[in-house]
Amino acid sequence: MKITIICVGKIKEKFYRDAVAEYEKRLSKYCKTEIVEVVDEKTPEGASEVLEEQIKAKEGQRILEKIKDDAYVCTLEIGGKKLSSEKLAEWMDKLTVSGISHITFVIGGSLGLHESVCRRADMHLSFSDMTFPHQLMRVILTEQIYRAFRIIHREPYHK
């Protein structure tokens, strides 16, 4: 299984980078993991809706350019489907059994994802009705993917 995480922007804080690196290391036992960062656009204070849409479109184009044709794409969106950790593991396991060998998760920037990226997605996933900083979301996502593999392999994990 190959897991790609495409995200907008770089992680600035060292503690976030360290946490993601730790989960990447743990995931290496289960899958090949790749994190692809695309450049984020600066959003001026008080930007209009039109400008925000243009910014999301630019970031969206960069994301779409990084998605491989063979990838099953899962976008992280507030309005997406909510799953428990067990159900996430079950979903990932079913994909593997059905012949899917490459899952790409997409984390948008501070304004979210452009509709073109959402249309490309095979699955829309929500971790909460709350909004999280996209840097923290990368930590949460890598931890949940790691937890899913632990569940799939019937290995202990914290409940």
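Numbers here are sequence positions counted from 1.
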Next on the checklist: Closer than 4.0 angstrom, basic N to acidic O: yes or no for Glu59 and Lys56?
Outcome noted: no
Next on the checklist: For Leu125 versus Cys74, what's the shortest heavy-atom pair and its separation?
Outcome noted: CB-SG, 3.6 Å
Checklist entry - For the residue pair Met123 and Lys81, what are the closest heavy atoms and their distance? => result CE-CD, 4.2 Å
Checklist entry - Within the side chain of His114, is there an N or O that forms a donor-acceptor pair under 3.5 Å with the backbone of Ser116? => result yes
Checklist entry - Any side-chain heavy atom of Lys2 within less than 4.5 Å of one from Ile103? => result no
Item to check | For Glu13, side chain to side chain donor-acceptor pair (under 3.5 Å) partners two or more places apart | outcome: none
Next on the checklist: Quick check for you: to the nearest 0.5 Å, what is the distance between Leu111 atom CG and Glu41 atom CD?
Outcome noted: 10.0 Å
Checklist entry - How is the hydrophobic cluster of Leu113 composed, in terms of its other members, when Ile, Leu, Val, Met, Phe, Trp and Tyr link through side-chain heavy atoms under 4.5 Å apart, directly or indirectly? => result Ile6, Val8, Val36, Val38, Ile63, Leu64, Ile67, Val73, Val106, Val117
Item to check | Where at least one partner belongs to residues 65-77, residue pairs that pass salt bridge (Lys or Arg N to Asp or Glu O under 4.0 Å), sequence neighbours excluded | outcome: none
Next on the checklist: Does anything in residues 51-83 form a ring pair (Phe, Tyr, Trp, His ring centres under 6.0 Å)? List the pairs, not counting sequence neighbours.
Outcome noted: Tyr72-Trp91
Next on the checklist: Could you measure the distance from the CD1 atom of Ile140 to the CD atom of Gln135? Nearest 0.5 Å is fine.
Outcome noted: 12.0 Å
Checklist entry - Once you round to the nearest 0.5 Å, how far does CD of Glu52 lie from CD1 of Ile55? => result 6.5 Å
Checklist entry - Rounded to the nearest 0.5 Å, how far does NE2 of His134 lie from OG of Ser110? => result 6.0 Å
Next on the checklist: Can a donor-acceptor pair be found, under 3.5 Å and without considering hydrogens, that links the side chain of Arg17 to the backbone of Ile11?
Outcome noted: yes
Item to check | Qualifying residues under side chain to side chain contact (heavy atoms under 4.5 Å, CB included), relative to Arg26, sequence neighbours excluded | outcome: Glu22, Tyr23, Tyr146
Checklist outcome for this item: Correct closest heavy-atom pair for Ala148 and Ala89 would be O-CB, 3.5 Å
Checklist entry - Under 4.5 Å between any side-chain heavy atoms of Lys82 and Asp129, yes or no? => result yes
Checklist outcome for this item: Rounded to the nearest 0.5 Å, the CD1 atom of Ile151 sits from the OG atom of Ser84 at a distance of 7.5 Å
Checklist entry - Can you list the residues that meet the ring pair (Phe, Tyr, Trp, His ring centres under 6.0 Å) rule with Phe149, with sequence neighbours excluded? => result Tyr30
Checklist entry - Under the 3.5 angstrom rule, does the side chain of Thr4 hit a backbone N or O of Thr104 as a donor-acceptor pair? => result no
Checklist entry - Atom CG of Leu27 and atom OG1 of Thr33: how far apart are they, to the nearest 0.5 Å? => result 4.5 Å
Checklist outcome for this item: Heavy-atom nearest pair, Val139 first then Ala19, reads CG1-CB, 3.8 Å
Next on the checklist: Any non-hydrogen side-chain atom of Arg120 less than 4.5 Å from a side-chain atom of Asp122?
Outcome noted: yes
Next on the checklist: Could you check whether any side-chain heavy atom of Ile145 comes within less than 4.5 Å of a side-chain heavy atom of Ile5, counting everything from C-beta outward?
Outcome noted: yes
Checklist entry - Backbone N or O of Glu155 within a donor-acceptor pair of the Arg150 side chain at under 3.5 Å? => result no
Item to check | Nearest heavy atoms of Gly80 and Ser126, plus distance in Å | outcome: O-CB, 3.3 Å
Checklist entry - Are Met92 and Thr96 side-chain neighbours, meaning at least one heavy-atom pair lies under 4.5 Å? => result no
Next on the checklist: Between the side chains of Arg147 and Glu86, is the shortest nitrogen-to-carboxylate-oxygen separation below 4.0 Å, so that they form an ion pair?
Outcome noted: no
Item to check | Within-4.5 Å side-chain heavy-atom neighbours: Met1 and Ser101 | outcome: no
Next on the checklist: Contact between Glu24 and Ile35 at the side-chain level, heavy atoms closer than 4.5 Å - yes or no?
Outcome noted: yes
Checklist entry - Do Ile78 and Thr131 come within less than 4.5 Å of each other through their side chains, counting heavy atoms only? => result yes
